[in-house]
Peer 1: 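Quick one: this structure, given as structure tokens, is what I'll be asking you about.
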Amino acid sequence: MAAGKGMDRRDFLSRLTAAAVGGVVWGGFVTEGKSAALVLRPPGAIPEQDFLGKCIKCGICVEACPYDTLSLAGPGTDAPTGTPLMIPRDVPCYLCTDIPCTVECPTGALEISLVSDDGGRTLDVNKTRIGLAVMDYENCIAAWGLACDACYRVCPLLDKAITIEHTRNERTGRHAVLLPKVHADVCTGCGLCERACVVEKAAIFVLPREVALGRVGNNYVKGWEEGDEGRIDGSTGPADEMDSNPLDYLNSGDLDDD
Amino acid sequence: MMTSLRNNRFLIARRLVQTAVMVLLIGGNLWGWTVLRGNLSSSIVLGVVPLADPFAVLQLLAAGGLLATDVLIGATITLVFYALLGGRVFCAWVCPMNAVTDLANRLGRRFKTGTGSRRVFGRPARYFILALALVLSAVLGVAAFEAISPIGMLQRGLVFGMGAGWFAVTAVFLFDLLIQRNGFCGHVCPLGAFYALVGRAALLRIEHDHNKCTECMDCLTVCPENQILALVGQASGSVNDGVCTNCGRCIEVCPDAALSFSHRKHAMSLESGGS
């Protein structure tokens with residue numbers, strides 16, 4: 001018998017205010033909690049904002065993982081509480097060919113079609129894009145000229161996701177530098193390289209692709225790549241928004257000096 | 001000994017069910033048991049039957065997620081089960097937070113705390129919080145209550161590791177103990193409010209026999225939602241309000257056997273109160 005008869009306007013307004021304040025605080029808390037850009041999600045995860053709207057936090061992916069790679073974010077950590085994540089330096093993803101984490105996800109936050117060919121019929125774990133391995137050449141001892149190819153050797157897509165580039169060692173003048181190079185179009189972000197890196201804090205590490213990669217935009221077209229022009233078909237640019245043809249300017253008379 | 005068991009038979013049964021559910025879930029994570037895998041948000045029974053928290057699914061749908069069929073089927077199964085049995089059976093028999101708030105409220109009765117003159121939340125507050133959860137989910141694109149739910153933190157924590165989740169559980173405990181008796185489960189929790197709405201037509205109900213009642217009012221003392229026991233001392237009939245959790249505590253404490261579990265009966269006028 002709270003709301004209802006005995007409620008005057010003052011009472012009603014104070015409750016309305018309480019509800020509004022509560023809603024704002026609650027909303028702010030939730031917004032604050034979902035702004036974690038550096039979290040690595042399991043294989044097959046849809047883009048982060050959609051992921052947060054679909055993950056029900058059941059932990060079935062965590063249980064499905066045979067390597068204990070995944071864990072659920074606890075309250076008070078960077079990631080939204082209860083969502084699954086991996087920390088490759090602790091346990092990387094070993095890219096199971098049957099991808100149990102993705103297959104068992106009940107909500108579609110982990111989407112099978114993203115890690116399979118022909119729309120979900122054949123699983124292809126190499127299509128996994130957990131993130132992208134990024135090099136810090138300042139602290140890579142191979143870049144110093146020392147002999148280390150730990151990341152290259154451990155990569156499950158050996159010689160495809162990481163290749164070794166031979167360059168001249170300018171310091172000694174007589175040796176080679178065997179430089180690891182990551183290829184973003186192949187790298188799955190599994191993190192075996194990050195796990196294997198021999199230096200104290202890994203000089204190769206996985207970042208979410210949204211963080212690691214830039215974006216060219218549509219104004220540059222690779223004319224030497226077949227079909228790349230297709231990207232700008234149907235796109236609108238400033239020229240489409242003009243009222244008249246820019247070439248008409250030449251006939252407008254504005255060019256006359258006198 | 002036997003009387004004490006008998007006087008707590010539903011309480012013991014509830015703790016056993018709550019513990020069994022959590023142990024099965026924990027076993028699913030730690031030891032690979034397949035009976036029940038996942039957690040209370042969504043799970044798989046014997047690797048076949050999906051179950052899901054229908055309120056969490058509703059929030060995800062409000063957030064705009066086009067969900068896979070597994071979780072929709074799971075939510076439907078759970079929803080139908082509780083709609084038939086008695087919505088808030090979840091609260092009293094499954095939810096692990098129930099043990100926490102029961103303890104807080106029992107201590108509150110013993111030490112006479114949690115009944116300050118000014119109530120923080122009214123009983124209907126939970127329905128507004130429920131509505132707010134859905135609105136915020138739609139606006140923010142995230143399941144809003146799941147993001148802050150102390151129940152979620154507790155049940156997930158039990159299965160996957162508590163972390164800082166103890167803070168939330170302790171907060172609920174202290175709120176119920178010191179600030180408002182039955183505050184969380186009976187006034188705030190939108191999941192309880194959701195199941196109260198779901199269970200409005202449920203079949204399992206508490207029945208009151210006015211002819212046996214001696215009006216000791218012990219049932220009202222222990223009932224976490226005692227506003228629904230208005231018929232006690234007034235008339236015979238079944239307690240049809242959806243907020244009844246079917247915990248059975250009133251039956252246990254009644255010295256006159258005037259209360260019992262029964263199926264739903266309409267209105268309070270089946271048997272007019274013997275005057």
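Letters go in sequence order (proteins before strands), and every chain restarts at 1.
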Peer 1: Under a 4.5 Å heavy-atom cut-off, does chain A meet the side chain of B/Ala168, its backbone, both or neither?
Peer 2: neither

Peer 1: Out of B/Asp53, B/Val135, B/Leu67, return the one with the most heavy atom pairs under 4.5 angstrom to chain A.
Peer 2: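 Among the listed options, the one with the most contacts to chain A is B/Leu67.
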
Peer 1: Is the number of heavy atoms from other residues, nucleotides or ligands under 6.0 Å of A/Asp68 CG greater than 12?
Peer 2: no

Peer 1: Over all heavy atoms of both residues, which pair between B/Ala147 and A/Val30 is shortest? Give the atoms and the distance, please.
Peer 2: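 Shortest heavy-atom separation between B/Ala147 and A/Val30 comes out as CB-CG2, 3.9 Å.
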
Peer 1: Identify which part of A/Leu72 has an atom lying under 4.5 Å from any heavy atom of chain B, answering side chain, backbone, both or neither.
Peer 2: side chain

Peer 1: Starting at SG of A/Cys58, measure out to CG of B/Leu25 and round the result to the nearest 0.5 Å.
Peer 2: 10.5 Å

Peer 1: Which bit of B/Phe167 comes within less than 4.5 Å of chain A, counting heavy atoms only: side chain, backbone, both or neither?
Peer 2: neither

Peer 1: If you compare all heavy atoms of B/Arg156 against all heavy atoms of A/Gly82, which two are closest, and at what distance to 0.1 Å?
Peer 2: NE-CA, 3.3 Å

Peer 1: Determine, stepwise, if the pair B/Leu60 / A/Lys54 fulfils side-chain contact (heavy atoms from CB on, under 4.5 Å).
Peer 2: CA-CA 6 Å; B/Leu60 291 176; A/Lys54 270 197 181 184; 5.6 Å; no

Peer 1: Does CD belonging to B/Gln227 count more than 12 external heavy atoms closer than 6.0 Å?
Peer 2: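 Yes.
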
Peer 1: Among B/Ala63, B/Gly163, B/Ser42, which residue has the highest count of heavy-atom pairs closer than 4.5 Å to chain A?
Peer 2: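 Option with the top pair count is B/Ser42.
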
Peer 1: Tell me, side chain or backbone of B/Val159 under 4.5 Å from chain A's heavy atoms, or both, or neither?
Peer 2: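 Side chain of B/Val159 only, per the 4.5 Å heavy-atom cut-off to chain A.
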
Peer 1: Is the number of heavy atoms from other residues, nucleotides or ligands under 6.0 Å of A/Tyr94 OH greater than 12?
Peer 2: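 For A/Tyr94, atom OH is crowded (more than 12 foreign heavy atoms under 6.0 Å).
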
Peer 1: Could you give the distance from CG (B/Asn39) to NZ (A/Lys57), rounded to the nearest 0.5 Å?
Peer 2: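 So the gap between those two atoms works out to 10.5 Å.
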
Peer 1: Donor-acceptor pair, A/Glu63 side chain versus B/Gly32 backbone, under 3.5 Å?
Peer 2: no

Peer 1: Which heavy atom in B/Ala68 sits nearest to a heavy atom in A/Pro106, and how many Å separate them?
Peer 2: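 Minimum heavy-atom separation between B/Ala68 and A/Pro106: CB-O, 3.4 Å.
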
Peer 1: If we define contacts as heavy-atom pairs under 4.5 Å, which of A/Gly23, A/Ala18, A/Ala19, A/Gly74 has the most with chain B?
Peer 2: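 If we count pairs closer than 4.5 Å to chain B, A/Gly23 comes out on top.
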
Peer 1: If I measure from the heavy atoms of chain B, does A/Cys55 come under 4.5 Å with its side chain, its backbone, both, or neither?
Peer 2: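 The backbone, not the side chain.
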
Peer 1: Only pairs of heavy atoms separated by less than 4.5 Å count here; which of B/Ile148, B/Ile129, B/Leu30, B/Ile73 has the most with chain A?
Peer 2: B/Ile148

Peer 1: For A/Ala109, is it the side chain, the backbone, both, or neither that has a heavy atom closer than 4.5 Å to a heavy atom of chain B?
Peer 2: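 Neither the backbone nor the side chain of A/Ala109 comes within 4.5 Å of chain B.
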
Peer 1: Testing the basics here: between A/Trp26 and B/Ala144, what is the closest heavy-atom pair and its distance to 0.1 Å?
Peer 2: NE1-O, 3.2 Å

Peer 1: Look up atom CZ in B/Arg37 and atom CD1 in A/Ile60, then write down how far apart they are to the nearest 0.5 Å.
Peer 2: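 If we round to the nearest 0.5 Å, B/Arg37:CZ and A/Ile60:CD1 are 6.5 Å apart.
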
Peer 1: To the nearest 0.5 angstrom, please state how far the CD atom of B/Gln59 sits from the CD1 atom of A/Ile56.
Peer 2: 9.0 Å

Peer 1: Please state whether the side chain, the backbone, both or neither of B/Leu136 comes within less than 4.5 Å of a heavy atom of chain A.
Peer 2: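 The answer is the side chain of B/Leu136.
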
Peer 1: For the atom pair CD (A/Glu104) and CG (B/Asp70), what is the distance rounded to the nearest 0.5 Å?
Peer 2: 10.0 Å

Peer 1: Between B/Ser43, B/Gly74, B/Ala133, which residue shows the highest count of heavy-atom pairs closer than 4.5 Å to chain A?
Peer 2: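 Option with the top pair count is B/Ala133.
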
Peer 1: Once rounded to the nearest 0.5 Å, what's the spacing between atom OG1 of A/Thr81 and atom CD of B/Glu146?
Peer 2: 10.5 Å

